Every structure is written in structure tokens, then in C-alpha cells.
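Naming: A, B, ... by sequence-line order, numbering from 1 per chain. Here the structure is a predicted model, which means the values were calculated and not measured.
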2 protein chains.
Amino acid sequence: MSYTIAEAAVRSGLTAHTLRYYERDGLMLSGVDRSPSGHRRYTDRDLTWIELITRLRATGMPIREVRRYAELVRSGDGNEAERLALLVAHRERVETQLAEVTAHLRAIDHKIGIYEGKVEGALDLERTRSR
Amino acid sequence: MSYTIAEAAVRSGLTAHTLRYYERDGLMLSGVDRSPSGHRRYTDRDLTWIELITRLRATGMPIREVRRYAELVRSGDGNEAERLALLVAHRERVETQLAEVTAHLRAIDHKIGIYEGKVEGALDLERTRSR
DNA sequence: CTCGGACTTGGAGTGCCCTCGAAGTCAAGC
DNA sequence: GCTTGACTTCGAGGGCACTCCAAGTCCGAG
């Protein structure tokens with residue numbers, strides 16, 4: 001089973017432009033297969049890989065680090081510990097980031113609470129006025 | 001009490017460059033006070049405001065939306081409902097985002113689990129070999 | 001009075017990540 | 001066989017959020 005770039009775009013949630021860009025930038029494990037006419041043919045394996053790097057990207061990993069990871073995977077067995085270290089370091093960053101965002105969100109929620117009080121008050125006032 | 005831009009930078013965790021940039025870009029509630037020589041003097045009120053917009057930024061609100069919010073606050077009382085709507089919409093986006101990132105993180109954790117298995121296996125193998 | 005360092009402005013530069021355009025090729029339906 | 005639309009490459013362009021530079025001013029210490 002293989003997919004055109006348009007199908008791969010739909011399945012991955014990326015644009016065809018972005019898929020070409022990722023490939024150009026060394027984020028894929030190898031060059032994507034081509035049809036006789038030179039059109040890209042994405043395999044399920046490609047899509048699985050794209051799914052992973054999409055997760056990495058969505059959690060804030062920079063392109064160049066995704067590339068480093070791809071290079072490790074590309075260079076075959078034997079560097080699993082390095083790959084693991086990279087992923088674990090990333091996970092830790094993401095968790096820190098999550099905690100920070102959550103804390104900021106709570107502070108914003110507090111602010112929202114204040115406005116809710118005020119807006120309710122204003123509505124009450126209006127109700128009073130219109131009576 | 002007032003602070004130079006350098007002090008404000010330390011207190012806010014932003015750089016002096018960024019503080020000037022925010023002011024230029026209309027993110028402050030009003031022009032920052034100046035000393036007789038034209039140097040910026042940040043008040044506690046300024047710092048409180050900067051803290052809020054830092055939280056908004058840290059949770060992913062774009063500069064232009066922070067500016068919209070600042071404009072609402074600047075234009076005085078009466079638009080609390082609008083401010084509230086803006087904040088609530090933002091909170092919802094952030095929560096969605098948090099959920100997505102968390103889901104991605106879990107998938108990455110799963111991947112990490114796989115590598116941990118492999119790396120342990122390799123270590124075992126080495127231990128076996130060296131015996 | 002002089003020096004060093006912190007500040008000012010306006011505008012240019014940077015890094016990241018796409019995103020698009022131009023010009024050309026190709027495949028499938030009519 | 002011809003049109004239509006999807007694909008190709010290469011390179012430029014764009015948005016965002018800073019980040020920095022140049023040239024000049026100002027303040028405080030010695």
C-alpha cells in the first residue's frame with residue numbers, strides 16, 4: 001500500500017508543502033519512494049514515522065532535533081541508548097513546560113474569576129436600572 | 001517605587017530589548033513613565049501588567065491578541081464582558097492544547113518504553129558477553 | 001571634568017518554520 | 001490526442017517574535 005503526497009497530507013494532517021519540506025530537511029528516514037514518473041509514494045512505514053515526528057513537533061521539539069533523531073534511527077542499530085536519551089530529555093522539557101503552562105493558566109483563570117464577578121455585577125446593575 | 005528598564009528586565013524575566021519592543025508594539029497599558037532624562041521608569045503597576053501579559057504569552061497568546069486585550073483595558077470600563085470573552089476563549093484554546101500535548105507525550109512515553117526495553121536488553125547482552 | 005556604563009531611538013537582522021510561486025512534467029478521462 | 005489537475009524542483013517570500021546595531025545622550029563615580 002502506498003499513497004500520493006496528497007493522500008499522505010490528509011492522513012498526516014500536514015500539507016504537501018510541509019511533507020516535501022520535511023523530506024528536503026532530512027527529517028525522513030530515507031528518501032521517499034518514487035513512482036516511475038517521479039511522484040512521491042508514501043508507505044505505511046513513512047506515515048508511521050511522520051506520525052511520530054508530528055508528535056515530537058507538536059510537543060515543541062525543534063526541526064533540527066527531529067533531524068538529529070532521524071539521523072540516529074537512520075544510522076541503524078546500536079545507538080538506542082542515545083535515542084532514548086534524546087527522547088527522555090525531550091519528555092522532561094515537555095513536562096516542565098506543561099507544568100509552567102498549567103500554572104500560568106491557573107493565574108489566568110483567577111483573572112477570569114475576577115471579570116466574571118464584575119460582569120455579573122454589571123448585569124445586576126443593568127437589571128436594577130431597567131426596573 | 002519605580003525601576004529602570006534593567007531592573008524591570010530582571011523582575012519580569014524579559015530582556016530590556018523585549019520590554020521596549022512590547023511598549024512599541026502597544027502591549028503596555030500606556031506609555032511607560034520617563035525620568036527627566038527620558039529613561040524609562042517602570043512602576044509596580046507596569047510590572048503587574050507585564051506579569052499578566054507574560055502569562056498570556058507563555059500560554060501561547062499571539063502578540064496581536066495581547067495588544068487587543070491591552071486596547072480593551074486601555075479603553076476603560078464597560079468592556080469587561082469582551083475582555084472576559086477574550087480570556088475565556090484563550091483558556092479554552094490552552095486547555096485543548098494541553099490535552100493534545102499530553103496525549104502526544106503519552107505516545108512518546110510509549111516509544112521511550114520500547115527503547116528502555118531494548119537498551120536493557122543490550123546491556124544484559126553486554127553483561128553476558130563480558131562474563 | 002572625564003570616563004564608563006546604562007540608557008535612548010529607529011531600523012535592520014535573525015531564526016524558525018513553513019508557504020508559496022513559477023515553470024515544467026505527467027496521468028487519466030473524454 | 002487533448003485537457004485538467006496533481007505532481008515535480010528550486011528558490012523566494014512571509015509571519016512571528018524577538019534581537020541586535022549604530023549613533024547619540026545621560027548619569028554617577030572618581
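Distances shown here put a side-chain N or O of B/Ser37 below 4.0 Å from the OP1 or OP2 atom of D/dC27. Taking 4.0 angstrom as the limit, A/Arg57 places a side-chain polar atom (N or O) nearer than this to OP1 or OP2 of C/dC18. At the phosphate of D/dT9, OP1 or OP2 sits under 4.0 Å from a side-chain N or O atom of A/Arg34.
Classification of A/Arg40 and A/Glu23 as a salt-bridged pair holds, one side-chain N sitting under 4.0 Å from a carboxylate O. The residues A/Arg55 and A/Glu51 are annotated as salt-bridged, a charged nitrogen and a carboxylate oxygen being separated by less than 4.0 angstrom. Salt-bridge check for B/Glu65 with B/Arg93: passed, with a basic side-chain N closer than 4.0 Å to an acidic carboxylate O.
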What verdict does the side chain to side chain donor-acceptor pair (under 3.5 Å) test give for B/Asp44 and B/Tyr3, after you've listed the backbone C-alpha separation in whole Å, the side-chain angles of each residue and the deciding distance to 0.1 Å? CA-CA 8 Å; B/Asp44 285 313; B/Tyr3 313 92; 2.7 Å; yes

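Side chains of A/His39 and A/Thr4: a donor-acceptor N/O pair is absent below 3.5 angstrom, by distance only.
Counting to the nearest Å, the P atom of C/dC7 and the OH atom of B/Tyr3 are 15 Å from each other. The separation between A/Arg40 atom CZ and C/dT25 atom P is 17 Å, rounded to whole Å. Residue B/Arg24 contributes atom CZ, which lies 14 Å from atom C1' of D/dC16 at whole-angstrom precision. Residue B/Met61 contributes atom CE, which lies 16 Å from atom C1' of D/dC16 at whole-angstrom precision. Rounding to whole angstrom units, CG of residue A/Asp25 and C1' of C/dG15 are separated by 13 Å.
Closest to the side chain of A/His39, from the set C/dC20, D/dC7, C/dC17, is D/dC7. Considering only the side chain of B/Thr4, C/dC7 comes nearest among C/dC7, C/dT8, D/dC18.
Within the 4.5 Å cutoff, no side-chain heavy atoms of A/Ile53 are placed close to those of A/Met61. Residues B/Leu56 and A/Lys111 form no side-chain contact, since every pair of their non-hydrogen atoms from C-beta on lies 4.5 Å or further apart.
Within residues 5-23 of chain A, the residues having any heavy atom under 4.0 Å from DNA chain D are, by residue number, A/Ile5, A/Ala6, A/Arg20.
Toward the 5′ end of DNA chain C lies the nearest nucleotide of B/Gly38, the other residue of the pair A/Ile63 and B/Gly38 mapping further downstream.
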